[in-house]
Structures are given as structure tokens and as C-alpha cells.
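Both counts, for ligands and for their atoms, begin at 1 and track the order of listing.
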Amino acid sequence: MQWETVIGLEVHVQLATRSKIFSGASTAFGAEPNTQACAVDLGLPGVLPVLNEAAVAMAVKFGLAIHAEIPEVSVFDRKNYFYPDLPKGYQTSQMYQPIVGAGEVEITLEDGTTKQIRVHHAHLEEDAGKSLHEDFHGMTGVDLNRAGTPLLEIVSEPDMRSAKEAAAYLKAIHSIVTYLGISDGNMAEGSMRCDVNVSVRPKGQEALGTRAEIKNVNSFRFVERAIAYEVERQIELLEDGGKVVQETRLFDPERDETRSMRTKEEANDYRYFPCPDLLPVVLDKAYIDHLRDNLPELPADKRTRFENELGLSAYDASVLSATREMADYFEEVKDVCGDAKQAANWVQGELSGALNRENLSIGNSPVSARQLGELVARVIDDTINGKAAKQVFQALWNGQGASADAIIEAQGLKQVTDTGAIEAMIDQVISESPAQVAQYRDAEPDKRGKMIGYFVGQVMKASRGTANPQQVNQLLKEKLDALC
Ligand code: ADP
Ligand code: MG
């Protein structure tokens, strides 16, 4: 039996407002516990919420970015449940009339193909507080600082068919919200979390299978791993004649598995009703048009421009447009060196490698875009060869010089293209390597190509890496063959 995986995601994006969605309390991360929850966030008697306009604008911008309908009227509802980190006893959310209607997000897969994932709607809601288990023995601490922080919950249609597609979708959302500047997108701090709905069905069957919902997955990698585990679990269950039950599960990254949290029977009855303390939100056309006119260039448009105008491959264009920081950095390197392809290679190769090794984001790169652009320009105009360029990059990275030119000068890395100078080094190497020369001479002519590597290495070493490698190859071959 062939199985098909079906995935729908509910992504919670923390909006980057300075104050809470219904109060003036600060949303800053990392404050002392319980110093940033005010009477409104706690729902103390007699207080009234006031909607934060910045949160509304951010939600609408997202809607416009995914070409969604923006309804004229949206309404806040109360979702009632009891939990220690929910001080009001209900979460103010939007159940029936969300602020953003149906839209579409384009995802790019690793092979460069794209696919449209439909978004069912997106709604505004407030976050809850946080239960802290680690620092307390036999007790649970509650930090209410996060209570009332604005969230945009983006609910997809069940359009994804693999863990890779789900991760690509999450990356696309991350990229859109950070381009728009409506979220810092910091997953480690919980600024983006998602609930992953997973089911399987026999290939070709139209009806959806019963799903499990994996709560609160907070990294791209965990999304893939949780889905991989869950799909395998469901298929095994079905093939053994069992049934998938609709339930909420938790992903445990330590053990790489999902575990049941509660089944449908134990599910809460949220008793939704319109919040009597908040007016419906009414948006006029001028307000929406103003936001639309001021949207920045979005990732999908940037990717298309990188491909069509700069001639980058689909893959390069998608990697380089994934974050605004990355795209801005790349564009500056390209402008300084004047060659988009070389700029793309350096940003994705040497630079990304070094950033990954030291776990740095591109915004914290010790090598600035201007510095890298100037270095690439020196490769393009043949001032230095590829090997020296890597040395210069390392020196820039280590802060051993202010610019590529300064380092090339100080370390004497200028490429030697003077034939006479290269020939002198070749003659020296040949005279110091009688055994290797004899081997070369005795070898079959078609084996000699390989053996030349030794001599190239010696000459490059003698030149401290500065000789032009093509010239070294060419001249060496001529000289060695003349000895045979
Ligand atoms: P609820 O509000 O009860 O969580 P929804 O119908 O709103 O349920 O769906 C929530 C998410 O689950 C959506 O992203 C939707 O696409 C997804 N989903 C619904 N049914 C399935 C299914 N059978 N398999 C996978 N995902 C599903
Ligand atoms: Mg749900």
C-alpha cells in the first residue's frame, strides 16, 4: 500500500509591537519574571482592554503580502479554558471573523520548484504566560510577562504533502514576516511556534485521514523530525489494522518521538463568545490601501528579480532572498564587485561556511558586505588567485586588515603572472626533484597528467600560493614534456 502524507500548519507569530495587544505594558524579552504584566493583562476586575493599532497594521500587512482578502469587519472572541499561565481564565482571540481571510504562500523546494500553499485565514490573539518547571522542585513557577503579547496565528489548508514541504512553508512564513518587519522571527525565543497537523491516507484516496496535532514545535528541524516520526507511527498503526485517533501530541526532541497529550474526548470545550469589552474592528479602504502602498519588496518578488534580472539559479535566488539581511548583504557585495554570480558564490560558500562554523547570523558577520565585495573584485580582475582570496578572506574575518587591498599588500599575495618569474620557480623545483622527474619520464604518457599535481603543488608552495595556477600548469607541462 502506498501512503500519502497530509499536513496543515497553524503558525503562531509573535508580533513586534512594543506594547501588548490590549495594554500599554512592555513586550521586551528577558525581563525579570512578572514585572511586565499589568492589571489589563491579568484581567483584574474593572479593567478594560484597548486594542493596539500597531498589531492591527502588522496583521493587515501580512494579509496583503499573501494576497489575502482583508474583511472590513473582524471581531474578537473569548476562548475560555483554565490553565495556571492564563490569568484571565480566557484567551482573547478571533474565532468567527478573523482579521485576515484566505490567501496563498509560495514555497520553494530544494530542487528549486515552487508550490502554492493556501492559507485558510490568519487571526489576532493574545499569548498566555509561561509555566517554569526547571528552577522549581515539586512546584511550578508562573511568569506572566508574556501574557497579552500579540500573536498572529496563520492557519494553512492541509496542502502540504511532506515534511520538507512543511519546513519550506514555515521558512516562507518566517521570511515574509521578517521582511515585513512585523516579527523578529527569533525561533529560539519563541517568536514563531507552530502546531503541526498530520494525517496519512492511501494514495489516490480523496477523503482526509484522521489527524494528530503536534503542539508547539519551535524549529524548522523539529518540524521535519516530528512529522517523520508521526507519519511512520500512523502508517504502522494502520498497517497493523489499527486506527489513528484524533488527539493532541507533544514532540520530544531528546527522544525524537511524539507522545499523546490528550485525546478528543478530553478536549476542552472553549465556549467561544464575542468579547463584550472590545468593539468590532472596522477597517476602511484608505487605511488598507495606505498599508499596501508601503509594503517592502517581498521575498517572492526578490527571488524572481534575482533569477530574471541577475541570472542566478533558482536555488541561489531562493537561498539569497530567504532573509532580508541575507538579501541586502548579497546585493551590496554584488554592487561593489559588479558580478552577481561571483557575489552569490562567495556569500553562499566562504562566508556562509564561516558563519555556520561560528554560529553567527549574517547581521553579525565580522566581514562586511563592502569588504567582501572589494575582495571579490580583486579575484575578478585577477589581482589574486582563488587560493590567496581565501587567505585574504580569513584575514578579513580575523580582523587582520581593514580591506582586501591592504591585506594583499601587507601579505604580498598579489598574483604572479610574470612568465619569467614562474619559469624560474619551475626550474628550481624540477632541479630539486630528480626522483619525481624520473618517475614522470618513465610513466605512460596518459598517466603523466595525474603526476603533474606534485610539481604544481611544489611551485605553488614556492610562490607562497601567489603564482597563477593556470600558467603554472601550462608551463610545467611544457618543461616536463621537453625532458621526456
Ligand atoms: P482545529 O481548529 O480543531 O484545530 P481546523 O479544522 O481549524 O481544526 O484545522 C487546523 C489545522 O489542521 C489546519 O491547518 C488544517 O489545514 C489542518 N488539518 C485539518 N484536517 C487535517 C487532516 N486530516 N490532516 C492534516 N491536516 C489537517
Ligand atoms: Mg488547532
Show which atoms of ligand 1 fall inside a sub-4.0 Å distance from at least one heavy-atom site of S156.
13 (C), 14 (O), 15 (C), 16 (O)
Taking the six-membered ring for Trp and the full ring for Phe, Tyr or His, determine whether the centres of Y169 and F220 are under 6.0 Å apart.
no
Any pair counted as salt bridge (Lys or Arg N to Asp or Glu O under 4.0 Å), so long as it reaches residues 96-110, sequence neighbours left out:
E106-R303
Picking from I227, V196, L170, what satisfies side-chain contact (heavy atoms from CB on, under 4.5 Å) with V217?
V196
Does an N or O anywhere in T210 fall below 3.5 Å from an N or O of ligand 1?
no
Show me which atoms of ligand 1 lie under 4.0 Å from any heavy atom of G209.
23 (N)
May I ask you to check whether T92 and E126 show a side-chain donor-acceptor distance below 3.5 Å?
yes
Here the atoms of ligand 1 under 4.0 Å from any heavy atom belonging to V6 are 24 (N), 25 (C)
In ligand 1, the atoms that come under 4.0 Å of a heavy atom of P158 are 16 (O), 26 (N), 27 (C)
Quick note on ligand 1: atoms under 4.0 Å from a heavy atom of E157 include exactly 16 (O)
Assess K79 against Y90: is NZ or CZ under 6.0 Å from the centre of the six-membered ring, and within 45 degrees of the ring's axis?
no
Is the contact between L9 and ligand 1 made by the side chain, the backbone, both, or neither, using heavy atoms and a 4.0 Å cut-off?
backbone
Show me which atoms of ligand 1 lie under 4.0 Å from any heavy atom of V155.
13 (C), 14 (O)
Ionic contact status for D195 with R249, cut-off 4.0 Å:
no
I'd like a table of donor-acceptor pairs (distance under 3.5 Å, sequence neighbours excluded) in which one partner is a side-chain atom from residues 394-404, with atom names and distances.
residue : atom : partner : partner atom : Å
W397    : NE1  : E358    : OE2          : 3.3
N398    : ND2  : Q394    : O            : 3.3
S403    : OG   : A406    : N            : 3.1

Taking atom 1 (P) of ligand 1 as the point of reference, which of H120, Q246, R211, E213 owns the nearest heavy atom?
R211
